[in-house]
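Right, one structure below, let's go through it.
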Amino acid sequence: MEEAELGNEIVEISMQVNGVSVVLRTPANRTLLSILREDLRLTGAKEGCGIGECGACTVLMNGKAVNACMVLAPKADGARITTIEGLGDEARLHPLQEAFVKHGAVQCGFCTPGMILSAKALLDENPNPTRLEIREGISGNLCRCTGYQQIVDAIEEVAARKQGEES
Amino acid sequence: MTTGKRESAYRNDAVIKVTGRARYADDHTFPRMAHCVPVYSDFVHAENLSVDTREAARQDGVLKVITAADIPGAVRFGQIERDYPMLAEDRILSHGDVVALVVAETREAALEAARQVRISADPLPPLIDPEEAFRPDAPVIRPGTKNNIVNHHKIRRGDARSALAACDIVIDHTFRTSFVEHAYLEPESAVCVPRPDGVMEVYGSMQHPFTTRRFVAAILGEPLARVEIRTVPVGGGFGGKDDTAAVVCARAALAARLCDRPVKLTYARQWSMRESYKRHPYVLHYRMGLNRDGRVQAVEARIIADAGAYCSTTPWVTWRSAVQCCGPYRVEHVHADVYGVATNNVFTGAFRGFGSPQVNFAVEQLMDMAAEKTGLSPLEIRRINMVTQGAETITGQLLNNHTVSIREVMDTVAEKIGYEEKRARSSRGKGDPENLYGVGLAICYRGASLGAEGMDFCSAVINCQFDGSILLEVGIHENGQGAESAMILTLQEHLGVDRGRITYRQPSTSSIPDGGPTVASRGTLMGCGAVVLAAKKLKKIIAEALADTLGCAPEKVRFQDDAILGEADDQRLSWDEAMRQLFLKRVYPYSFAGFRAPAVTWDEETGQGDAYFTYVYSCQAVEVSVNLKTGRVRLLNVVAAHDIGKAVNRPMLLGQIYGGIAQGMGMALMEKVETEGGVIRNASFRKYRIPKAMDLPEMTALIIENPDPTSPSGAKGIGEPALEIIAPAIANAVYHATGRRMDRLPIRIEKEDA
């Protein structure tokens, strides 16, 4: 909710969102989060704080986890965005989604999309993290329900499985 | 006792949540939907409020600016006292009071126009210290009341004064706790849709649809049947989405009714933190007397809770504090007074634990202090004083209708963590000041469900379809804890059917009777109880209809392996076939049943009675390291055990324990809503820090099962027990590390100069 310094002049931006090309005209001071949620109806990314502290709005931008509430429209121009909707669906869950289900890492679920995407960014960068590195890797994502333990369990299992596949 | 690590979790809503398909309140949109925002004043306490909306109303895109004068129904409402102004009238009593609502075509336009609302009032000095507000000569804050005392609960048992005078040892100590924010990840949100049939439909983030319905109906001045609250996923509640969330829904409904359009009101985090009620800060003066043998003889307690500007659930919260003011111990002489006191602070209400974390913080440290004074170990002094099977509580209740397992629970934790050995090597202030080590533990019992707070009943509907699928619906709300999954698993067990047959039909307030609030760790107990009773009824209907076909008496019909069987295994109808037969017989395989909680009793004058119909027993132990140079306390290890009767959904149960510990750890070491003159100074996640993954250690949760005869499913509850003793366990561990007693929350270690 914090006011951006950029004005409300209209800019045209193009992005790849979940593999689909999107071109839109929008005021420059709008956030990527509001574009995703309101214009593209991708409501998996949530607004928990609006100031980049809780991680509920985490999406992948060019493969890196970012807080979509802190990314203004011009910054997303030309970017490749992955939201939770692009990671997997009911018929074919991503291994992280599957592991979150299996380990009971989901309670209210409000942090879950952002948490899973942060975990993906972490594993993409470090395929074999320790539990402590996992905790560090998701420290930008707040969860008030789970105490994080089953989330760490879930991520750890996916990391181990990846290792198994590679060796 | 089991840890159940390897079991795969079941949640009916897990897949939609991990794929981002779950639609929370703010994810809903409707054609012609308008947006609403609240307007606050800068006052904390003021009279002669005047709100000029003309300029705001003229702004582009604005549909309406609403003040209290526009409310067709009740301006003030509340669960106990109807004192909460859903929009302020002539007075401001707290900084969170909302003076107007702006409704516009877009949220941006509404926010812009909100700045143009002109507010004037005559400021009054705010009264923010509850001990000051308690004094007989204090100015009275709430119009129409005689003093600032919201409620007074008493426990009068024996003769505490004389008994204390005769004690070998008397410990006199004062403890203080702070305002704590629920910090549910999803801020409040409501979307209200005026339907063509005249009904106001509400999609909101809330814990309790039926409370919400009462608030909405009140503000609109319409009957309950004309308001329908739908179930949508909730992004966390922890007690915090009761009246606050209901008021947000009521305001959105008001805007929707007045504009005759769907209206969305989604809170920004800073509004949520400014306005929503907090955990009550307590001041607890205790005098505990014991004999040299370690037996506690008497307790005198005077406890003051800051209610803030409005009553909310303060009388209920503080009632639990009174009932549990001596922990799970037998004490012959008790004289306790617990007061809720009004101030101009942000109001306080339900928060996971509900008045128990504060008293446990005091009592469990007092027990460790008593252990030291008598030379007993903290375990031994607890064993000497704890309730046993058939014992009498401080309210005169005989614990004889369920298994009293506090000893088993405590011993399990003590053994698992190696308490005595670790206590022996705790630092006690000696050794490396940057790495002092200590272990600590706390125990409690918790009265299950509402107790004498209120009417305690809940219902379930099982509606079997003729194609073999089954709809289940219960008057308990899914807050994220996994309530729906627990109901499904219970039905599956009792009908002996494949789980895949069961679809949880998310109820609305128009489809099922009021099942009471989903609070007080009562969801599993009451909800599964209703499911068990409804399943029993359903089986009777089916058995009577099919007994002839199965060639046996109805009472011999069995339900197992996804089939219905007679006495012999070859007298068998598959579930599908059974449903087809019922169709041909024109019998509805449908049942409705209510579970009424066993009776409780209470005498307000003496504080005696059977306060709760059963209790949950808990113990948590922690290891900490303390750095005196930085003041940092690090949690190294946590072991928790809870006797919850029966585990319905083990992985979810573990998740509740881990999550409760994390929240309790936040309260113990990190979290405090900072107020200055009634204004909250840290109303953002940047300034108000809750635990991150790095702040928490690996935790071990142990489940102890003594199925409870008072609960049809055998299960009790875990939500609150999981949170309510971690703070004193940490405080006791910090004492064993440093030799310093921590009598304030959050715990702050005074730094020593390097």
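Numbered from 1 within each chain, the chains take letters A, B, ... in sequence-line order. Note that this is a predicted model, so its numbers are computed, not measured.
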Does any heavy atom of chain A fall under 4.5 Å from the side chain of [X], the backbone, both, or neither of them?
| X | value |
| --- | --- |
| B/Pro233 | neither |
| B/Glu478 | neither |
| B/Leu696 | both |
| B/Ala22 | backbone |
| B/Thr266 | neither |

Are any of the side-chain nitrogens in [X] or [Y] under 4.0 Å away from the carboxylate oxygens of its partner?
| X | Y | value |
| --- | --- | --- |
| A/Arg131 | B/Glu698 | yes |
| A/Glu53 | B/Arg689 | yes |
| A/Arg41 | B/Asp27 | no |

Rounded at 0.5 Å granularity, tell me how far [atom1] in [X] sits from [atom2] in [Y].
| X | Y | atom1 | atom2 | answer |
| --- | --- | --- | --- | --- |
| B/Leu654 | A/Thr146 | CG | OG1 | 12.5 Å |
| A/Ser34 | B/Arg107 | OG | CZ | 10.5 Å |
| B/Thr106 | A/Glu38 | OG1 | CD | 9.5 Å |
| B/Leu185 | A/Cys49 | CG | SG | 9.0 Å |
| B/Asp26 | A/Phe110 | CG | CZ | 7.5 Å |

Query raised in the report: Taking all atoms of both residues into account, what is the closest heavy-atom pair of A/Pro113 and B/Gly20, and its distance?
Result: CG-CA, 4.4 Å
Query raised in the report: Is the distance between the ring centroids of A/Tyr148 and B/Tyr658 under 6.0 Å?
Result: no
Query raised in the report: Checking salt bridge (charged side-chain N to carboxylate O under 4.0 Å, His left out) for the pair A/Arg144/B/Glu671: CA distance, chi angles, key distance, verdict?
Result: CA-CA 13 Å; A/Arg144 192 58 153 171; B/Glu671 298 177 35; 2.7 Å; yes
